[in-house]
Every structure is written in structure tokens, then in C-alpha cells.
Amino acid sequence: MIEELTTILEPTPLPDFVETRYVKDLTERAMGYIKAGFPVHFRGASGTGKTTLALHVASKIGRPVVMIHGDEEFTTSNLVGGEYGYRLRKVIDRFVSRVLKVEEDMVKRWVDNRLTVACKYGFTLIYDEFTRSRPEANNILLSILQERIMDLPFGRGGEETYLKVDPNFTALFTSNPEEYAGVHRSQDALRDRMITMDLDDFDEETEVAIVRAKSGFPLKEAEKIVKVVRVLRESGACEFAPTVRGAIMIAKSLRVVNGHVKGSSGIFQQVCQDILSSETSRIGSKSNQAKVRELVKKFAKQYC
Amino acid sequence: MPIKGVTDVSGLRDIRSLHTSGRRSMPKVQSSAYLDLYMLQKAKDRLEKEAALLAKRNQTIQKRLAEIQNQMEGLEQSARSERPSNGGKKAAEPNGPTKRKWKKFALKY
Ligand SMILES: Nc1ncnc2c1ncn2[C@@H]1O[C@H](COP(=O)(O)OP(=O)(O)OP(=O)(O)O)[C@@H](O)[C@H]1O
Ligand SMILES: [Mg+2]
């Protein structure tokens, strides 16, 4: 019944997935560490392609994939498996005592969760945004990654309390840098057991390729959009620097309304304003937003 | 040795009564043979009917028992292979006896 509750994933690239030198290089490095037997951790700001890269690496590994998303509410039993219902046994004993005796015999039954399934069958685990879970919840991973033993919390109906981790088991982690809201400092012991690869924003070539692939715009147009986003990013004026997602959004939105990538076009300016000046502020500080608006207008005119 | 249950203990139905032993409080008379015959025929009819009912009931019970046995064998097998103590070993040999069908989901990225 364990497995009936777990769905395994088969990651496959979409036609608009691009494999530039930058992506290839990262993938190969990660695959090297995995072959050496180490879990890999992609760390980087939002929109740097961590999740996508993890899926790509997982599909290269070629084993079935289970995915967990970090969550404040997670406890170890969420990761490992929880008690799932109980059996009710009624003993009706009228013959001897002439009293209706009802005995509730709670037999705790275990339902393994994704982590257990991955360890048991040697699947690839993607733990996305793992630092969003409370550190205690992740303690279970310490022995899994080091001793390759999974500690099953208290006896499952008298069964063994250890599970040997299958040799094919691989773990991929992603996280945002620690200054992000809602992120816990990852435990040092856990981070010490994995190889952390810090991801920066994509290089220009990759960003252009992604925008092209996702929107269908020709190279020249994609380059212009990416340019505006990158210049704004580097200006340092934004509370949150715009990511490749902003560039994708501009390109896709423009396609829908048949707009042109032209600084003089009202539609283009409007789309850039909507997407870039609100995406980059959290609460919308009025004075800063005005500044960003001016910059967006200027860059859109200058580069398009 | 199994513990004795309700069905193993002799109960009221097992006591031989005046009726079942054919005794009477009244002295026997010649002409009562017809009456005896009549009474016994009645009892015979009743018991035959009961026996037929029980046979039918027994049939259903046996059928159900066979079904249950079948189901239990299947479940015991999957329960055994589900246990983590075995799972660790079996998972190491992907083509081992536990080949399961997983629910699969294509994740496009
Ligand atoms: N190689 C690629 N080819 C095409 N699109 C890509 C590629 N890598 C990333 N993307 C796109 O870039 C965007 C951001 O990627 P992703 O979601 O992986 O970032 P992330 O680092 O996980 O962000 P977050 O921290 O916000 O979760 C997505 O729209 C994704 O589809
Ligand atoms: Mg992500």
C-alpha cells in the first residue's frame, strides 16, 4: 500500500528546453559529482534555473524521480512516512463475562513517503527549496547521505528500524541563498555532506536562447528584450533584480498581442513597465518604483 | 491446541429431552402407534428441512472460505514484499521478484 500512494516522476525536456554551453557545462559538472557518489546542491537566486537544472540532471541519471518541495510545516514523519489510520478490533465477549467488551486495538500502520521510497528503490530524489523546511525535519537526511542508512523512527509494528539505502539512490537539492524570506539556515552538517554549486544568473547567450525558444521571437528581438532586462538588473536600482522570467514574460505577452520589440511602441513600453517595475519591488516603495519606471523607459528606448 | 469456544461446548440443543428420547409421561396404549408415527413423521420433515438448509448454508460458507483464502494469499505476498526489512535487499536487484507497477507522471521541464 506504500507504493500505491507514491507517484514517480519521469522528467523529460520540453522542445523549448535549451542546452547552451552554459547549461551543458553545469550539467556535466553535476553529473561528475554524482558519479563520484556525492549529492549535489544547486544554490542561487530566484530564476537562475535551479529547479530546471535539477530536473535535467535527474533525467540524465535515468532513474525514476521523486520530488519533495521544502515546506515550513514538514516534520520528519512527513518525509519518512506517517502513521496512517489504525485498525479497530472489537472483541465481543458475551459468553464468559456476559459483558460487551470492546477492545480497541490500535495497530499503527506505516505509510512510507517519498523519501523512503526513493531510498528503498534507489530512485533519484529532488528536494526543491530544501531550506524552507525546518532544519530538524531534515535531520533524517544526515545518516542517509553519510552512512547510507535510513533511520525509521520507532518500530513499525516490530519491524526493523533501519533501512539500507539502495546504492542507486541519488539526491539533488536546490535552495535560495539564505537572505531570502522564509528560508532557514541550512544545517552546516547537512551542507557538509553535499557538493554545493552556486548558480549565477544565466549568461546572455543562454538567456537569449531561452527567450527565443519560449516565445518564438527571432534572435534579434530576443536579444533586445534580454538586453533591457540585463541592463536593468545590473543597474542595481531594483529591490529584486529582474530574472530571466521577466524576459520570458515580456516576450510571450508581446507575442499574444502581436506587439513589436520597439522602443517607440506604446504596447512594448507598457508591457515592459507592467512586468519589470512591479516584479522588482516587494511592497512597492513609491519613490524607488518611480525611479525604476524611468530606467525601464530609458533602457527600452535605448536598446530597442 | 485451539482454545475451546462457544461452539465446542455442549449446549441446550445437545440435551436429550423427553421429546427426542421418545418417552412419555402417559403409559403407552396400543392405538398410539399412529400418533407416534405422525409425531415422528413431523419431526423427520422438520429435521430434513433443517438439514437441507444447513447443507445450503455450508455450501455458501465453503465458497466464501475459498475466496477468502485466495485473497489472503495474494495480500500476504504483497505485504511481505512491502516490509522495509526485505525491501532494502530486494531493491538492490531491480529485476528481483518485486516488480511493481508505479504510478508514473511525465514531468516536462
Ligand atoms: N535550460 C533551459 N531552457 C529553457 N528554459 C529554461 C532553462 N533553464 C531555466 N529555464 C526557464 O527559466 C525559468 C526559471 O527557471 P527555474 O524555475 O528553474 O529557476 P529557479 O532557480 O528554480 O527559480 P526559483 O528559485 O524561483 O524557484 C523557468 O521559466 C524555466 O522554464
Ligand atoms: Mg525553483
Side-chain angles (χ1 to χ4, degrees), chain A residues 1-17 49 51-59 63-67 80-81 93-96 109-112 116-123 126 148-150 152 155-169, chain B residues 1-17 50 53-54 57-58 60-61 64-109:
Chain A
M1 81 170 296
I2 302 164
E3 286 76 14
E4 280 156 23
L5 298 172
T6 304
T7 302
I8 56 167
L9 305 173
E10 291 177 320
T12 41
L14 284 165
D16 62 15
F17 176 80
T51 308
T52 311
L53 189 61
L55 287 167
H56 187 54
V57 170
S59 92
R63 302 273 308 159
V65 172
V66 295
M67 200 162 177
V80 174
D93 194 353
R94 266 182 278 228
F95 186 70
V96 176
R109 281 190 287 164
W110 280 89
V111 176
D112 290 39
T116 316
V117 166
C119 287
K120 195 162 138 185
Y121 296 99
F123 294 166
I126 298 179
R148 299 228 139 219
I149 273 180
M150 186 172 185
L152 301 171
R156 311 174 144 213
E159 290 304 320
E160 282 174 30
T161 48
Y162 292 104
L163 167 67
K164 243 182 95 186
V165 175
D166 186 277
N168 285 313
F169 171 78
Chain B
M1 204 185 84
I3 300 166
K4 267 198 173 180
V6 190
T7 46
D8 303 312
V9 180
S10 23
L12 266 181
R13 10 170 104 244
D14 303 293
I15 297 174
R16 280 183 78 77
S17 60
E50 200 173 325
L53 272 175
L54 284 174
R57 179 78 190 118
N58 193 27
T60 4
I61 288 173
R64 182 70 192 123
L65 274 175
E67 275 171 20
I68 288 173
Q69 185 59 30
N70 237 329
Q71 259 175 311
M72 281 177 76
E73 270 163 24
L75 286 174
E76 267 167 25
Q77 226 170 23
S78 56
R80 230 175 285 126
S81 58
E82 253 170 28
R83 277 204 309 239
S85 50
N86 296 342
K89 274 173 242 139
K90 277 183 188 158
E93 29 177 40
N95 297 323
T98 39
K99 259 206 195 146
R100 14 189 104 258
K101 286 213 180 83
W102 296 85
K103 242 191 282 167
K104 286 185 185 162
F105 182 82
L107 185 62
K108 307 258 168 74
Y109 61 89

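All figures in this text were calculated on a predicted structure; none of them were measured in a lab. Below, chains carry the letters A, B, ... as their sequence lines are ordered, and counting in each starts from 1.
- Applying the side-chain contact (heavy atoms from CB on, under 4.5 Å) test between Trp102(B) and each of Val66(A), Thr7(A), Val117(A) identifies Val117(A) as the sole match.
- In this structure, the ring-ring contact (aromatic ring centres under 6.0 Å, His included) partners of Tyr109(B), at least two apart in sequence or on a different chain, are Phe17(A), His56(A).
- Annotation: the span from Met72(B) atom CE to Leu65(B) atom CG amounts to 10.5 Å, rounded to 0.5 Å.
- Residue contact with chain B, scored on non-hydrogen atoms closer than 4.5 Å, is absent for Phe169(A).
- Here Asn58(B) pairs with Gln62(B) under the side-chain hydrogen bond (donor to acceptor under 3.5 Å, both in side chains) rule; sequence neighbours left out.
- Neither the backbone nor the side chain of Met150(A) comes within less than 4.5 Å of any heavy atom of chain B.
- Of the residues considered (Val65(A), Val165(A), Leu14(A), Leu9(A)), Leu14(A) shows the highest number of contacts with chain B, using heavy-atom pairs under 4.5 Å.
- Neither the backbone nor the side chain of Thr51(A) has a heavy atom closer than 4.5 Å to any heavy atom of chain B.
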